[in-house]
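The structure under discussion appears below in the form of structure tokens.
Letters A, B, ... are given to chains in the order of the sequence lines, protein chains preceding strands, and every chain is numbered from 1. Because only heavy atoms are used, hydrogens play no part in the values below, and waters and symmetry mates are left out as well, while side chains stay in. Just so it is clear, the structure is predicted and the values come from calculations on it, not from any experiment.
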Amino acid sequence: MTENHDQTEITGEEMNELMRVRREKMAAIEARGIEPFGRKYNFTHRAAQVLEEFEQLEGKSVRLAGRIMAVRGHGKASFAHIMDMSGRIQLYFRQDVLGADGYEEFGLIDIGDIVGVEGEVFRTNRGEISVKVTGLEILAKSLRPLPDKWHGLKDVETRYRQRYLDLIVNPEVRDTFIARSRIIQSIRRNLDNKGFLEVETPMMQPIAGGAAARPFITHHNALDMNLYMRIAPELYLKRLIVGGFEKVYELNRNFRNEGISIKHNPEFTMVELYQAYADYQDIMQLTEEIYVAVALDVLGTTKITYQGQEIDLTPPWTRMTMTEAVKKFSGVEFAAKSVEEARAIADSLEVKYDKKDGIGKILSNIFEEVAEEKLIQPTFIIGHPTEISPLAKRNKENPDITDRFEFFIYGREMGNGFSELNDPIDQKERFLAQVADRESGDDEAHMMDEDYVIALEHGLPPTGGLGIGIDRMVMLMTDNYSIRDVILFPHMRPQRD
RNA sequence: GACCCACUAGCUCAGUUGGCAGAGCACCUGACUUUUAAUCAGGGUGUCGAUGGUUCGAGUCCAUCGUGGGUCACCA
């Protein structure tokens with residue numbers, strides 16, 4: 001039962017004085033016949049609850065469990081703060097209450113230890129609601145010191161690598177991830193209420209479809225075959241629409257083998273949804289509804305501040321075609337009828353393009369260069385060229401563009417949706433065009449998915465689809481500058497040296 | 001992938017022209033029974049990211065490497 005911790009060695013690094021002292025205290029605790037790593041503790045209240053219900057609880061006994069965050073000794077009495085998930089509350093330890101032995105045991109407690117306490121709720125002379133401890137139980141001895149109580153933990157690398165420390169000492173980080181959970185909850189509740197069915201489709205796919213991106217490759221040993229980590233669930237979700245699930249969504253991870261930046265993590269979270277018999281106009285409205293509901297649920301307002309910039313999420317958001325956006329922000333009318341004309345316009349705006357790029361891709365490049373970062377307030381950009389939208393339905397009047405939108409907030413692409421291409425003949429041709437691009441060296445072009453085409457041949461109802469980047473949405477709602485600050489464990493290189 | 005910046009005590013940070021490694025918090029010792037960034041007196045706990053080089057002498061200058069951050073490139 002009782003493990004012997006006397007000779008505990010530490011691997012991989014030297015023990016400093018602070019750690020040595022804590023291990024000595026652990027040994028002293030064991031010497032008193034107490035387990036330094038305890039067991040279940042029945043608490044009656046959480047810290048915030050005691051503060052809120054002080055009127056009823058004053059003079060009564062409560063049991064709390066949490067981490068010791070500060071200790072202020074005063075000889076035969078001491079104050080401390082304990083933190084649980086709800087917040088912090090002050091503890092008051094007195095020798096005459098605990099007895100000489102009990103007070104000595106309190107002396108073996110360090111900042112960072114997990115303890116259970118029982119005691120009477122009261123208010124100090126200075127007015128702070130506190131618990132006068134009558135019983136103390138050590139639940140987990142902390143063998144390493146916490147970061148600075150005042151400055152917290154700032155070192156970005158440590159914050160990401162040891163996120164638990166970040167969460168312990170930086171309250172705003174806790175708040176961000178609590179908000180993230182609420183945001184996801186809001187989206188689920190909203191879609192569930194609208195009759196959407198949440199589904200799970202393969203993360204490992206034989207063909208990485210549904211987006212233009214480089215996939216991660218993994219290997220299945222028993223089948224001796226390579227699989228791709230999915231870059232999008234799109235093609236599977238639309239198979240489910242074929243199967244008669246008329247409203248489906250999946251809220252989960254995608255993986256893209258691309259560079260890491262302030263807006264990109266190799267694995268990121270998206271919600272993708274598909275609604276049969278709807279079109280991109282309906283989906284734009286749904287997008288607004290989702291955003292507004294999240295903002296109201298999490299922030300209580302649709303007027304938010306991001307990086308000092310006021311952003312008004314109140315619908316309807318501006319709708320603008322890609323060519324209109326280019327006109328608005330560059331003054332140039334993009335009406336190219338040939339690749340040569342398109343290149344000339346791009347050249348005049350000093351926008352780069354590839355030799356193999358067609359009119360549509362060049363327009364898209366121009367848009368990204370001149371307009372994207374200017375779209376601060378929520379804006380739907382519509383009318384994407386068919387050339388860059390191989391899964392979207394063509395516009396009825398102009399087959400060179402699609403019934404598609406992307407929406408931008410603070411100059412960032414936040415999501416993408418369209419009327420789904422449900423013509424299997426057209427889809428097959430679009431795949432073939434992508435395959436040709438792939439063969440000419442574009443390793444981000446879509447792969448041919450014959451099985452998906454067969455599904456379309458069975459009949460995909462007219463369908464509207466949407467993908468919203470959850471991480472970027474959380475960044476916006478929590479005013480975080482980097483995607484790493486809204487992902488608990490962002491991708492990092494393994495540490496060396 | 002390119003360029004720029006950072007890396008000093010457990011944490012947050014100073015460190016001048018190349019001349020004995022510093023502060024606050026934390027920690028240790030002592031005092032203190034309503035404090036709260038408790039206070040008071042004393043104590044510095046270190047492979048200055050790593051490895052080479054220049055130099056009488058390197059935290060500081062040079063080179064290479066590592067990790068992180070930023071900008072760009074890339075990227076529905």
Side-chain angles (χ1 to χ4, degrees), chain A residues 13-22 24-25 69-81 88-98 103 110-112 122-128 130 132 142-162 165-166 168-170 210-214 231-232 234 254 256-266 268 270 352 361 364-365 367-368 372 381 384 388-392 404-408 412-418 443-446 467 469 472 481-482 484 490 492-497:
Chain A
E13 78 184 278
E14 275 180 44
M15 213 185 308
N16 63 43
E17 192 209 333
L18 299 179
M19 288 161 68
R20 203 166 51 243
V21 165
R22 280 165 182 254
E24 282 163 15
K25 288 185 186 172
M69 296 302 292
V71 177
R72 293 177 294 281
H74 290 263
K76 296 183 179 63
S78 296
F79 290 91
H81 271 93
R88 294 180 184 216
I89 191 167
Q90 182 168 263
L91 304 177
Y92 184 40
F93 296 86
R94 290 175 64 106
Q95 193 182 60
D96 58 7
V97 172
L98 292 163
Y103 197 70
D110 284 307
I111 292 172
F122 76 109
R123 198 191 280 273
T124 63
N125 290 345
R126 294 292 189 88
E128 181 161 349
S130 307
K132 190 183 292 177
S142 167
L143 300 179
R144 290 170 184 266
L146 281 180
D148 193 277
K149 66 174 173 182
W150 186 247
H151 298 96
L153 179 63
K154 290 193 175 158
D155 182 76
V156 183
E157 190 173 348
T158 309
R159 287 187 43 227
Y160 298 152
R161 288 193 196 277
Q162 294 179 272
L165 292 177
D166 197 22
I168 291 167
V169 301
N170 294 330
R214 265 176 296 228
I231 55 176
E234 172 152 354
N254 291 327
R256 296 189 184 174
N257 207 339
E258 293 160 358
I260 296 173
S261 82
I262 213 141
K263 300 185 284 188
H264 299 86
N265 194 61
F268 63 101
M270 279 201 16
K352 287 182 209 154
K361 175 66 175 163
S364 166
N365 285 356
F367 165 77
E368 283 171 19
E372 191 168 315
I381 295 298
H384 294 64
I388 58 162
S389 312
L391 301 169
R404 175 183 174 186
F405 66 88
E406 287 177 310
F407 66 101
F408 296 85
R412 289 180 186 153
E413 187 204 335
M414 306 296 282
N416 177 26
F418 37 85
D443 53 3
E444 276 145 20
H446 291 238
R472 290 182 188 177
Y481 178 64
S482 169
R484 295 184 197 90
M492 302 282 271
R493 263 177 229 257
Q495 229 165 351
R496 282 201 260 168
D497 272 2

Identify each atom pair where a protein N or O and an N or O of nucleotides 3-8 of chain B are less than 3.5 Å apart, giving names and distance.
none

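- Here the separation of rG24(B) from rC61(B), taken at their P atoms, is 27 Å to the nearest Å.
- Of the P atoms belonging to rC75(B) and rA6(B), the separation is 31 Å, rounded to the nearest Å.
- Nucleotide rC3(B) forms a pair with rG70(B), judged by Watson-Crick or G-U wobble geometry with both contacts under 3.5 Å.
- Distance from the side chain of D110(A) is smallest for rC28(B) among the nucleotides rG70(B), rG68(B), rC28(B).
- Here the nucleotide nearest the side chain of R94(A), chosen from rU33(B), rA38(B), rG68(B), is rU33(B).
- When heavy atoms are screened at a 4.0 angstrom cut-off, Q95(A) is found touching no nucleic acid atom at all.
- K154(A) comes within 4.0 angstrom of the backbone, heavy atoms only, and of no base.
- As rounded to the nearest Å, rA58(B) and rG49(B) have C1' atoms that lie 16 Å from one another.
- Nucleotides rA50(B) and rG68(B) have their C1' atoms positioned 15 Å apart, rounded to a whole Å.
- Residue whose closest nucleotide on RNA chain B sits further toward the 5' end, between V21(A) and E157(A): V21(A).
- Residue H264(A) places its side chain closer to rC75(B) than to any other of rU67(B), rU35(B), rC75(B).
- Residue contacts for R404(A): at a heavy-atom cut-off of 4.0 Å it reaches a base atom on one of the strands shown.
- Using a 4.0 Å heavy-atom criterion, one finds that R161(A) contacts the sugar-phosphate atoms exclusively.
- Across all strands shown, rU64(B) pairs with rA50(B); the Watson-Crick or G-U wobble distances both stay below 3.5 Å.
- The residue Y481(A) sits close only to the backbone: its heavy atoms come under 4.0 Å of sugar-phosphate atoms, none of a base.
- Residue N125(A) places its side chain closer to rU35(B) than to any other of rU33(B), rU35(B), rG68(B).
- Side-chain to base pairing of E128(A) with rU34(B): no donor and acceptor N or O lie closer than 3.5 Å to each other.
- Note on D96(A): a base of the nucleic acid sits closer than 4.0 angstrom, heavy atoms only.
- Pair assignment for rG59(B) gives none, since no Watson-Crick or G-U wobble pairing has each distance under 3.5 Å.
- Distance M19(A) CE to rA9(B) C1': 14 Å, rounded to the nearest Å.
- The gap from the P atom of rG43(B) to that of rG22(B) amounts to 14 Å, rounded to the nearest Å.
- Among the protein residues, F122(A) comes within range of the nucleic acid bases, having at least one heavy atom under 4.0 Å from a base atom.
- Nearest heavy-atom pair, R144(A) versus S142(A), reported as atom, atom and distance to 0.1 Å: O-OG, 3.0 Å.
- For the OP1/OP2 pair of rU35(B) and a distance below 4.0 Å, the side-chain nitrogens and oxygens of R126(A) include at least one atom meeting the criterion.
- No contact: A211(A) has no heavy atom under 4.0 Å from any strand.
- Listed nucleotides rC27(B), rU12(B), rC32(B) differ in distance to H74(A); the shortest reach to its side chain belongs to rC32(B).
- In this structure, H81(A) reaches the bases: a heavy-atom distance under 4.0 Å links it to at least one base atom across the strands shown.
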Taking it one step at a time, do E413(A) and E368(A) satisfy side-chain contact (heavy atoms from CB on, under 4.5 Å)?
CA-CA 10 Å; E413(A) 187 204 335; E368(A) 283 171 19; over 6 Å; no
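- Between K149(A) and the phosphate of rG10(B), there is no side-chain N or O to OP1/OP2 separation shorter than 4.0 Å.
- Distances shorter than 4.0 Å separate none of the side-chain N or O atoms of R72(A) from OP1 or OP2 on rU35(B).
- Counting non-hydrogen atoms under 4.0 angstrom, K361(A) reaches nothing in the nucleic acid.
- With hydrogens and angles ignored, no donor-acceptor pair under 3.5 angstrom links the side chain of H151(A) to the base of rC25(B).
- G415(A) comes within 4.0 angstrom of nothing in the nucleic acid, heavy atoms only.
- With both pairing distances under 3.5 Å, rU39(B) is matched to rA31(B) as a Watson-Crick or G-U wobble pair.
- With rC28(B), rC75(B), rU35(B) as the candidates, the nucleotide lying closest to the side chain of K25(A) is rC28(B).
- Here the nucleotide nearest the side chain of P147(A), chosen from rC11(B), rU45(B), rG10(B), is rC11(B).
- Of the two residues near RNA chain B, R256(A) and I262(A), the one whose nearest nucleotide lies more 5' is I262(A).
- Within the 4.0 Å cut-off from OP1 or OP2 of rG66(B), not a single side-chain nitrogen or oxygen of R493(A) is found.
- When Watson-Crick and G-U wobble pairs are counted only if both distances are under 3.5 Å, rG10(B) pairs with rC25(B).
- Note: CD (E368(A)) to P (rC72(B)) measures 14 Å, nearest angstrom.
- Among the heavy atoms of the strands, none lies under 4.0 Å from S364(A).
- Of all nucleotides present, none satisfies the Watson-Crick or G-U wobble test against rG44(B) with each distance under 3.5 Å.
- Within 4.0 Å of P390(A), counting heavy atoms only, lies at least one base atom of the nucleic acid.
- Judged by distance alone with a 3.5 Å cut-off, no donor-acceptor contact links the side chain of N16(A) to the base of rG46(B).
- At the phosphate of rG69(B), neither OP1 nor OP2 sits under 4.0 Å from any side-chain N or O atom of R159(A).
- With P as the reference atom, rG59(B) and rU8(B) are 15 Å apart, rounded to whole Å.
- Across N365(A) and K352(A), no two heavy atoms sit closer than the pair ND2-O, 3.2 Å.
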